[in-house]
Amino acid sequence: MTTTDTTKRTSLLPSIADFLFIAIFLLVSVHLGKSLLNDGDTGYHIRAGEYIMKTMKVPDHDMFSYLTPPLPWTAHEWLSEVIMALVHNAFGLTGVVVFFSFFIALTAMLLFETIHASDRNILISLAVVILASASSGLHWLARPHIFSLPLTLAWYHILCLYQYKDRNLLYVLPLLMLLWVNLHGGFMGGFILLSVFLAGNAFQALRSGCDRQKALARLKGLSVAAALCLAITVVNPYGYDILLFPFKLTSSGYLMDSISEFMSPNFHERYAKGFELYLILLFAAFAWSRKKLDVFDVLLIALFLHMSLYSARYIPLFAIVAARILSRLLNEGLRERDTPFSRFMERRSRNISRLDATAMRYLWPAASVVLVVYFAVTGRIAYGFEPKTKPVAATEFIKRERIVGNMFNSDEFGDYLIYAAAPSYKVFIDGRLDMYGAERLKEFRQVTAFQQGWEKVFEKYGITWVIFEANSHLSRYLLLNKDWKLIYADEAANIFVKNIPQYRDLIDRYRAVTPVIVDDKKEPA
């Protein structure tokens with residue numbers, strides 16, 4: 001067989017990068033798609049986007065809660081919400097899941113391409129990206145933060161090209177920032193990365209034995225880029241206030257300690273196992289490689305590792321930043337040691353790389369996208385919020401019975417109620433906990449923990465009915481309280497009304513409703 005024949009035979013095979021995209025895209029969109037809707041925030045993002053398109057205005061006050069006066073709201077993800085609303089209006093929740101699955105897979109493919117461009121062993125690059133993707137899976141949700149993943153990667157790659165390859169693409173950063181600042185609050189990650197490279201070059205400029213002039217030149221270029229990016233952030237509906245928003249959020253210790261995704265990762269949980277393995281391999285590579293890390297790598301690892309250990313939501317960012325460093329350390333470790341294993345890895349990598357070079361790029365990823373879209377359009381895959389955990393049937397009951405009055409609900413239920421029942425029904429609280437603030441979150445916790453004076457919260461807000469998780473302490477308490485009557489129950493939600501004349505008809509008609517027995521192994525709310 002000739003070389004030409006071999007090339008023809010292999011040209012239709014997917015490249016390794018294509019394979020990564022296809023595998024992750026199909027896994028997430030076809031098999032794990034339901035998990036992308038585990039967080040009800042998706043629902044309020046969609047409705048917020050529809051509101052923006054309908055009014056042609058980005059809101060500065062809340063419109064989904066009955067709290068008065070309306071709370072000030074920084075809809076810092078407004079552009080993401082508009083995009084989500086457009087996709088939802090065209091293809092429903094299934095389309096939203098497929099849409100975000102695409103960006104998750106795209107990030108993995110681009111991560112592989114960026115690190116393999118610098119490290120020659122294709123097997124190491126592949127293993128690192130698979131592990132990075134596995135550690136990031138805990139935050140694979142159909143929410144705006146997914147946009148920050150490819151943007152962080154692109155931003156980081158441009159800075160690495162400037163620092164290590166003398167390729168100046170810094171002019172792209174302000175354009176990325178213009179998009180990023182309107183998509184998601186993760187734009188601050190871009191400034192964190194810029195700060196690391198600024199600090200690293202400043203350190204090198206002051207250090208003897210380094211090329212001081214080159215470091216100063218880079219420092220100047222990065223300073224100009226940072227200034228332009230800072231200036232461009234004001235091109236958003238909230239002006240310079242958008243820069244203050246992340247600091248206002250993180251400065252509230254109560255919010256940071258109360259919102260689950262801001263908490264530290266729990267290594268006893270299954271979701272953290274990929275991250276744990278990633279850390280073990282990274283520190284093993286530190287010990288194995290004889291080459292010291294440069295100042296940039298030390299700063300990047302120290303800063304992003306701290307962020308990921310402080311808050312689990314930053315693990316995907318750490319995985320992206322650390323992938324290049326881990327891959328380089330493993331490559332250097334192999335090159336430094338002439339062992340049967342290193343020679344085997346080198347041979348295998350060369351053979352696979354030769355085949356990889358002949359692949360027709362992007363053909364199979366495009367085909368996989370077409371296939372999944374076809375499945376979605378024809379109904380072969382369909383996604384919605386999980387009725388076992390979200391108040392899907394309960395919300396239909398509410399709308400059918402036209403229950404009036406102020407409700408008390410959990411934040412997760414509030415997200416779904418906004419999606420399924422707004423604007424007819426307004427919630428007590430939802431996933432925008434930064435908007436509600438620490439004081440209202442404390443009031444919510446006061447009720448659910450039955451702290452002293454919790455009844456006064458109901459009086460303060462005129463609450464006359466409750467929709468809450470079936471397997472919760474609040475539901476169990478209200479079942480025993482003669483002042484509240486259960487009128488609806490399923491395995492996800494209970495609905496109670498106050499035992500007052502206003503609800504006498506509902507109480508009489510649903511007197512026989514009994515709570516559904518829920519598995520006690522589930523964590524109560």
Original post:
Do the ring planes of W454 and F458 sit parallel (below 30°), tilted (30 to 60°) or perpendicular (above 60°)?
Top reply: perpendicular

Original post:
Only one of F100, W180, F102 clears ring-ring contact (aromatic ring centres under 6.0 Å, His included) with F147; which?
Top reply: F100

Original post:
Are L20 and L111 side-chain neighbours, meaning at least one heavy-atom pair lies under 4.5 Å?
Top reply: no

Original post:
Are side-chain N/O atoms of D430 and Y436 paired as donor and acceptor at under 3.5 Å?
Top reply: yes

Original post:
Hey, mind stepping through V497 and L486 against side chain to side chain contact (heavy atoms under 4.5 Å, CB included) and telling me if it holds?
Top reply: CA-CA 7 Å; V497 294; L486 179 71; over 6 Å; no

Original post:
Which heavy atom in K390 sits nearest to a heavy atom in L37, and how many Å separate them?
Top reply: NZ-O, 4.2 Å

Subject >> From CH2 (W78) to CH2 (W73), nearest 0.5 Å >> reply: 12.5 Å

Subject >> Any side-chain heavy-atom pair of L193 and L300 under 4.5 Å >> reply: yes

**OP:** State plainly whether the residues K399 and E396 are in salt-bridge range, i.e. N to O under 4.0 Å.
**Re:** yes

Original post:
Are Y162 and L169 close enough that some pair of their side-chain heavy atoms sits under 4.5 Å apart?
Top reply: no

Original post:
At what distance, to the nearest 0.5 angstrom, does CZ of R167 lie from SG of C160?
Top reply: 12.5 Å

Subject >> Main-chain N/O of S136 paired with Y278 side-chain donor or acceptor, under 3.5 Å >> reply: no

Original post:
Would the number of heavy atoms belonging to other residues, nucleotides or ligands and lying under 6.0 Å from OH of Y374 be above 12?
Top reply: no

**OP:** Not counting sequence neighbours, which residues clear salt bridge (Lys or Arg N to Asp or Glu O under 4.0 Å) with K485? List them please.
**Re:** none

Original post:
Within a strict 4.5 Å, meaning less than it, do heavy atoms of the P150 and F103 side chains meet?
Top reply: yes

Subject >> K57 atom NZ, over 12 foreign heavy atoms within 6.0 Å >> reply: no

Original post:
In a check of ring-ring contact (aromatic ring centres under 6.0 Å, His included) between Y488 and each of Y510, F468, W465, F397, which one passes?
Top reply: F397

Subject >> Identified ring-ring contact (aromatic ring centres under 6.0 Å, His included) partner of F408 from the options Y461, F444, W484, F413 >> reply: F444

Original post:
Could you state the interatomic distance from CG (L86) to CD (E50), rounded to the nearest 0.5 Å?
Top reply: 9.5 Å

**OP:** For residues A226 and L194, report the shortest heavy-atom separation together with the two atoms involved.
**Re:** CA-CD1, 3.9 Å

Original post:
Are side-chain N/O atoms of Y503 and T464 paired as donor and acceptor at under 3.5 Å?
Top reply: yes

Subject >> Shortest non-hydrogen contact from A17 toward M109 >> reply: O-CG, 3.4 Å

Original post:
Quick one: are the ring centres of Y419 and F385 less than 6.0 Å apart?
Top reply: yes

Subject >> Steps toward side chain to side chain contact (heavy atoms under 4.5 Å, CB included) verdict (V404, Q502) >> reply: CA-CA 9 Å; V404 297; Q502 179 182 4; 3.3 Å; yes

**OP:** Heavy atoms only: give me the nearest A142-V96 pair and the separation to one decimal.
**Re:** CB-CG1, 3.9 Å

**OP:** Compare all side-chain heavy atoms of F375 with those of V98 and state whether any distance is below 4.5 angstrom.
**Re:** no

**OP:** Flag the pair M177 / L228 as yes when at least one side-chain heavy-atom distance between them is below 4.5 Å, and no otherwise.
**Re:** no

Subject >> Any L309 side-chain heavy atom under 4.5 Å of F275 side chain >> reply: yes

Original post:
Looking at V30 and Y383, what are the two nearest heavy atoms and their distance?
Top reply: O-OH, 2.9 Å

Original post:
Are side-chain N/O atoms of T378 and R380 paired as donor and acceptor at under 3.5 Å?
Top reply: yes

Original post:
Less than 4.5 Å apart, any side-chain heavy atom of L36 and any of T42?
Top reply: no

Subject >> Heavy-atom closest pair, residues C229 and P174 >> reply: SG-N, 3.7 Å

Original post:
How many angstroms lie between CD1 in I24 and OG in S29, if you round to the nearest 0.5 Å?
Top reply: 11.5 Å

**OP:** Using modelled atom types only, decide if a donor and an acceptor are shared between the side chain of S311 and the backbone of Y314 within a distance under 3.5 Å.
**Re:** no

Subject >> Aromatic Y44 / basic R432 pairing, under 6.0 angstrom, 45° off normal >> reply: yes

**OP:** Report yes or no: does Y238 contribute a side-chain atom to a donor-acceptor pair with the main-chain N or O of A75 at less than 3.5 Å?
**Re:** yes

Original post:
For residues H157 and T114, is any side-chain donor paired with an opposing acceptor at under 3.5 Å?
Top reply: no

